[in-house]
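Below is one structure; the comments refer to it alone.
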2 protein chains.
Amino acid sequence: MANHMGFQAPTHDHKRCVSSALENAEEKSRVLGLRFTKTRRKVLEVLWQSHNPLGAYEILDRLQKDGRRPAPMVVYRALDFLLEAGLAHKISSCKTFIGCSTPDENHEAQFLICESCGSAAEVAGQPLAEALEKTAASAGFKINQRVVEIIGVCPNCQA
Amino acid sequence: MANHMGFQAPTHDHKRCVSSALENAEEKSRVLGLRFTKTRRKVLEVLWQSHNPLGAYEILDRLQKDGRRPAPMVVYRALDFLLEAGLAHKISSCKTFIGCSTPDENHEAQFLICESCGSAAEVAGQPLAEALEKTAASAGFKINQRVVEIIGVCPNCQA
DNA sequence: ACATAAAACGTTATGATATAACAATACATA
DNA sequence: TATGTATTGTTATATCATAACGTTTTATGT
C-alpha cells in the first residue's frame, strides 16, 4: 500500500499516493454501498494533489481549472460525503481538508502539521488515544470524538 | 485557588470562579507589565459568565447588554490580547473562546468539551504532552503548538 | 508639566468560511 | 417504467474574522 502514516520524502512517487487513494476510495465505496460520484471523486483528486491540506475555496479554485467554477455548496457537500465516509479529514485549527491516508481502517485522525511547508501527516493514534482515554476517564468524561492537531516543523523542513 | 481543572459540579460557587479569574488576570498583567484595560476586562468577564466557551459574536451580544454594541474588531482585539497573555484560550473545532482556568502556569490548553451542556474543562496536559512528544519524535517532528479538543459527555450530563 | 512615541480604541469596510432552501436531475429497485 | 430517494445546481444569506486608518490614551524622557 502506497499510502501510509508519517511525512513523505520530497522525492516520493506521489502519483502512487493519488492512484492508491482513489482506488481505495472506489473500493471502500463499493463495499459500503456508497455513491462515489464524479464530483466527489474530483474533490478527492484535488485533495490528493499534494499532502497539504486545502481550504474549501482553494479546492474550488482548482476545480475551476477543469471547467466552470462550481458554487461553494458543491464542494462543501462533497467534503461532507468524504468526511462521513472516512475518505478525508478536516483540520479545524487551519480550516482545511485533507485526503485520508488510511481510509480502510476505522480511525480518528490525528495530525502533525508543518508550519514551514504546510504539509500534514496522519499519525498512529493508538498511544495517543490511550493517553486521551486515561485523561478523560480521570475526569469522568465519556469521549465521542478527538481533535488532535500538532503544529510544528516536519523532518523535511528541519533538514 | 478557586479555579481548577476538570468539570465543576452544577452547584459550585461560580462567583468565586469569576472573581478569582479576574484577580488572577489583574495580577498577571501587573507582574508582566501588560495593560488589562476596560474592554479586555469586560470581555474576560463575559467569558467567565459560565464554563461554556463562547463565539466572538456571542460575546458581542453580551457586551451589548451593558451599553452599545461594539464592532466585532473590538472583541477580536480583546481576544487577541487575552490569548496572547494566556488569560483565555481558543477552541478551534467550535470556533469559540473560553477563559483560562490556570493562567498562572505557562501551559498549553487541552480541553474536554461536553456535547450535551456545552461546557468545557481544561485538563492536565502533562501525560498527554508526553504522549504527543513521543509520537512526534518518532516521526522526526518538532512540536511548536498543540491543539487537543476532546468532544464527548461530561460527568454532570452522564448522571 | 510637556513633548513624544507607542499602544489601544472606534469605525467602516470587506474578506473568508459555511449553510439554508428549493427546484431540477440522476439513480436504485420494485 | 413508475416511484421514491439521493444527488446536484443555483441563489441567497449566515457566520466568522481581519484590513486600514484616524483618534484617543498611556508611558516615558526631558
Side-chain angles (χ1 to χ4, degrees), chain A residues 25-26 28-47 52-64 66-85 87-98 118 147 149, chain B residues 25-26 28-47 52-64 66-85 87-98 118 147 149:
Chain A
E26 298 278 12
K28 185 169 189 179
S29 299
R30 203 185 50 73
V31 170
L32 298 179
L34 305 172
R35 291 166 59 182
F36 189 53
T37 62
K38 220 162 193 170
T39 309
R40 293 164 176 177
R41 184 192 175 86
K42 270 199 213 160
V43 169
L44 189 57
E45 261 180 66
V46 167
L47 285 179
N52 293 31
L54 296 176
Y57 285 74
E58 286 180 277
I59 297 172
L60 277 170
D61 292 342
R62 300 192 185 197
L63 288 176
Q64 185 167 24
D66 165 285
R68 169 167 172 304
R69 184 189 181 87
M73 264 318 294
V74 170
V75 160
Y76 280 106
R77 276 199 289 231
L79 286 170
D80 283 347
F81 169 86
L82 295 171
L83 295 177
E84 185 73 22
L87 296 170
H89 296 292
K90 170 160 193 167
I91 299 183
S92 296
S93 61
C94 311
K95 296 172 199 164
T96 53
F97 303 86
I98 190 168
V147 175
E149 298 164 6
Chain B
E26 297 276 14
K28 184 170 190 178
S29 299
R30 203 186 52 70
V31 170
L32 298 181
L34 305 172
R35 291 167 58 181
F36 190 53
T37 62
K38 219 161 194 170
T39 309
R40 291 164 177 178
R41 185 191 175 88
K42 270 199 214 160
V43 169
L44 189 58
E45 262 180 66
V46 167
L47 284 179
N52 293 29
L54 296 176
Y57 284 72
E58 286 180 277
I59 296 172
L60 277 170
D61 293 341
R62 300 192 184 198
L63 288 176
Q64 185 167 23
D66 166 285
R68 168 169 173 303
R69 183 187 181 89
M73 265 317 294
V74 170
V75 160
Y76 280 105
R77 276 200 289 234
L79 286 171
D80 282 345
F81 168 85
L82 295 171
L83 296 177
E84 184 73 22
L87 296 170
H89 296 291
K90 169 159 194 167
I91 300 182
S92 296
S93 61
C94 313
K95 294 173 200 164
T96 54
F97 302 86
I98 189 168
V147 174
E149 298 164 8

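Being a predicted model, the structure only gives us computed values, none of them experimental. Keep in mind that the numbers below use all heavy atoms, side chains included, and drop hydrogens, waters and symmetry copies. Residue numbering restarts at 1 for every chain, and letters A, B, ... go by the order of the sequence lines.
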Over how many whole Å does the gap from [X] atom [atom1] to [N] atom [atom2] extend?
X	N	atom1	atom2	answer
B:Lys95	C:dA16	NZ	P	15 Å
A:Leu34	C:dC27	CG	C1'	15 Å
A:Asp80	C:dA20	CG	C1'	13 Å
B:Phe81	D:dT18	CZ	C1'	20 Å
A:Arg40	D:dG9	CZ	P	11 Å
A:Tyr76	D:dA14	OH	P	17 Å
A:Glu58	C:dA16	CD	P	11 Å
A:Leu79	C:dA18	CG	P	9 Å

Map A:Met73 and A:Arg35 onto DNA chain C by nearest heavy atom, then report which one ends up closer to the 5' terminus.
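It is A:Met73 whose nearest nucleotide is closer to the 5' end.
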
When we call it a touch if two heavy atoms are under 4.0 Å apart, what does B:Lys38 touch: a base, just sugar-phosphate, or nothing?
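No contact.
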
Is a side-chain donor or acceptor of A:Glu149 paired with a backbone partner of A:Ile91 at a separation under 3.5 angstrom?
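Answer holds: no.
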
Are the side chain of B:Lys28 and the backbone N or O of B:Ala85 linked by a donor-acceptor pair below 3.5 Å?
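Checked: pair present.
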
Tell me whether the side-chain N or O atoms of B:Arg77 pair up with the base of C:dG10 as donor and acceptor below 3.5 Å, since no angle test is needed here.
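For B:Arg77, whose side chain was compared with the base of C:dG10, there is a donor-acceptor pair (under 3.5 Å).
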
Measure distances between side-chain N and O atoms of A:Tyr57 and base N and O atoms of C:dA18, and say whether any donor-acceptor pair falls under 3.5 Å.
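Looking at the base of C:dA18, it does pair with a donor or acceptor on the side chain of A:Tyr57 (distance under 3.5 Å).
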
Shortest non-hydrogen contact between A:Ala56 and A:Val75, atoms and distance
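Shortest heavy-atom contact: O-CG1, 3.8 Å.
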
Can a salt bridge be assigned to the pair A:Glu26 and A:Arg30 using a cut-off of 4.0 Å between side-chain N and carboxylate O?
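Salt bridge between A:Glu26 and A:Arg30, a charged N being under 4.0 Å from a carboxylate O: no.
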
